[in-house]
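Working notes, beginning with the structure itself.
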There are 2 protein chains.
Amino acid sequence: MVGDTREAIREVALELFSTRGFDQTSLREIAERVGLTKASLYYHYPSKQELLTAIVAPLIEGWRTAAAEAESLAHSPENARVVLGRVLDVMLRNRSLAGIFLRDPAGVVSAAGTLWQEMLDMGTRLTTWLAGPDPTTADRLRAIAAMEVLGAALTSVTYLKEEVAEDELRAVLLDSATAALGLAEPS
Amino acid sequence: MVGDTREAIREVALELFSTRGFDQTSLREIAERVGLTKASLYYHYPSKQELLTAIVAPLIEGWRTAAAEAESLAHSPENARVVLGRVLDVMLRNRSLAGIFLRDPAGVVSAAGTLWQEMLDMGTRLTTWLAGPDPTTADRLRAIAAMEVLGAALTSVTYLKEEVAEDELRAVLLDSATAALGLAEPS
DNA sequence: GTCTATAAGAGGATAGAC
DNA sequence: GTCTATCCTCTTATAGAC
C-alpha cells in the first residue's frame with residue numbers, strides 16, 4: 001500500500017510542470033517535495049524528458065483518439081459540434097496536464113520535440129477536418145479559431161475568480177466554439 | 001549609419017525570444033548573432049530581464065491603450081466589435097512580439113512577474129468590459145473565448161502553410177470572435 | 001531503492017584591460 | 001564600446017556505497 005513511488009513522482013512533477021512550467025521546474029525541487037533525493041528520481045526515470053513523456057502520454061492519447069474519431073465522421077454541422085465536444089472533453093479531463101503545454105510550450109518543444117510535433121500534427125488533423133472539404137482560407141481560419149476557444153477551458157481559470165461548474169464550462173464553450181466556427185447555435 | 005547596436009540587440013533578441021522562447025535563449029546566443037560578446041551586451045542592457053522589458057514595452061503599451069479605449073465606451077454590440085477589432089490590431093501590429101508570450105509564458109512570468117501581472121490585468125479589464133454590465137458566468141466565459149479567438153492571429157501561422165493576407169486574417173477573425181462572444185455577425 | 005558525493009557544463013553577471 | 005577572463009550558482013546526470 002506504499003502507493004508507488006513512481007506515481008508520487010509523476011503527481012508532484014505534474015503539479016509543478018503545469019504551474020511553474022517544465023523548464024522552471026528542477027528535479028531537485030521535485031525530489032524535495034516527494035521526499036527523495038535527485039539521484040533516486042533517476043532510479044525511476046532515466047531523464048527529465050522521459051518523466052515529461054510519461055506524464056503527458058494520456059493527453060496525447062486522448063487527442064489522438066479525438067482526431068481519429070473525427071476523421072471517421074462525415075463532415076456536417078452536427079458532426080462538427082460533436083467533434084468540438086470530444087476535443088473539449090479531452091481538455092477538461094486533463095486540465096492540469098494540458099496546462100503544461102499552455103504554460104511552457106517552448107520548454108516542451110526543446111525537451112521533447114517529437115512529442116510536440118505529434119501534438120501539432122493532431123491539431124492540424126483536427127482543424128483540417130473542421131474546416132470541411134474544399135475549404136477556403138476563411139474556413140480554415142475559423143476552424144483554428146474554434147479550437148482556440150476550447151483553450152479557454154484552461155485559461156478561464158486565470159481570469160475568473162469563482163469556480164465554474166464543469167457542465168456549464170462545457171456547455172458555454174461548446175456553443176461559443178460552434179459559433180466561432182461559423183455554425184448557427186442550437187436554440 | 002552604424003544602426004545603433006542597442007537596436008540590433010533588440011532585433012536579434014526578439015527573433016530568438018519569439019521562436020525559441022525567452023528561457024531557451026541564452027545571452028551567449030544573442031551576442032553571437034549580433035557579433036558581440038556577452039560582456040558587451042551587458043554594457044547596453046544591465047540584465048536579461050531588462051532586455052525583455054525593453055523589447056516588450058510597445059506591446060504592453062498597445063494593450064494598455066486598447067483597454068483604456070474600451071473602458072471609455074458604453075457597452076453595446078457595435079462597440080464590442082470595435083473593441084475586439086482594436087485588440088486584434090494590436091496583435092497583428094506586434095505579431096512576433098506577442099509570440100513571446102505565446103511561446104514561453106512561464107519564462108516571462110518567472111523573469112518579469114510584474115510585466116506579466118500587468119498583462120493579466122489588462123486581459124481582465126478587457127474581458128470584463130466585453131462581458132458587459134451585470135454579466136452571467138456564461139457572459140464572462142464567452143468574453144474570454146472571444147479573446148482566445150484573437151490569439152489565432154498568432155497561432156494560425158503554425159497551422160496554415162500558405163501566407164494569409166492581413167486584411168483577410170483580420171476580417172475573418174473579427175467575425176469569428178464576434179460570433180464567439182455571442183453576437184450576430186453583420187450580413 | 002535510496003543515499004552521499006561529484007562530475008561536467010551552462011547560465012547570468014562582473015572586473016578590469018584596452 | 002568592446003574585449004578577455006573569471007565568479008558564482010544552478011542544472012542535469014552519474015558513480016558507487018549501503
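We name chains A, B, ... by the order of the sequence lines, and we start the count at 1 in each one. Since the model is a prediction, treat every value here as computed from it, not as a measurement.
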[atom1] of [X] versus [atom2] of [N]: gap in Å, rounded?
X	N	atom1	atom2	answer
A/Phe22	D/dT11	CZ	P	13 Å
B/Glu32	D/dC3	CD	P	12 Å
A/Tyr43	C/dT4	OH	P	18 Å
A/Asp23	C/dA10	CG	C1'	12 Å
A/Gln24	C/dG11	CD	C1'	13 Å
B/Leu51	C/dG11	CG	P	15 Å
A/Tyr45	C/dT2	OH	P	13 Å
A/Leu27	D/dT14	CG	P	11 Å

Any side-chain N or O of [X] under 4.0 Å from OP1/OP2 of [N]?
X	N	value
A/Arg28	D/dC10	no
B/Tyr42	C/dA13	yes
A/Ser40	C/dC3	yes

Under 4.0 angstrom, heavy atoms only, what part of the nucleic acid is B/Thr37 near: base, sugar-phosphate, or nothing?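 Base: the residue B/Thr37, judged by heavy atoms under 4.0 Å, touches a nucleobase.
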Any N or O donor-acceptor pair under 3.5 Å from the base of C/dG11 to the side chain of B/Lys48? no
Side chain of B/Ala39 - closest among C/dT2, D/dT14, C/dT14: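 Looking only at heavy atoms from C-beta outward on B/Ala39, the closest nucleotide is C/dT14.
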Side chain of A/Lys38, heavy atoms from C-beta onward: which of C/dT14, C/dT2, D/dT12 has the nearest atom to it? D/dT12
A/Tyr159 versus B/Arg140, side-chain donor and acceptor atoms under 3.5 Å: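 No, no side-chain donor-acceptor contact under 3.5 Å.
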salt_bridge([X], [Y]) N-O dist < 4.0 Å:
X	Y	answer
A/Arg81	A/Asp175	yes
A/Glu15	A/Arg20	no
A/Glu118	A/Arg64	yes
B/Glu166	B/Arg170	no

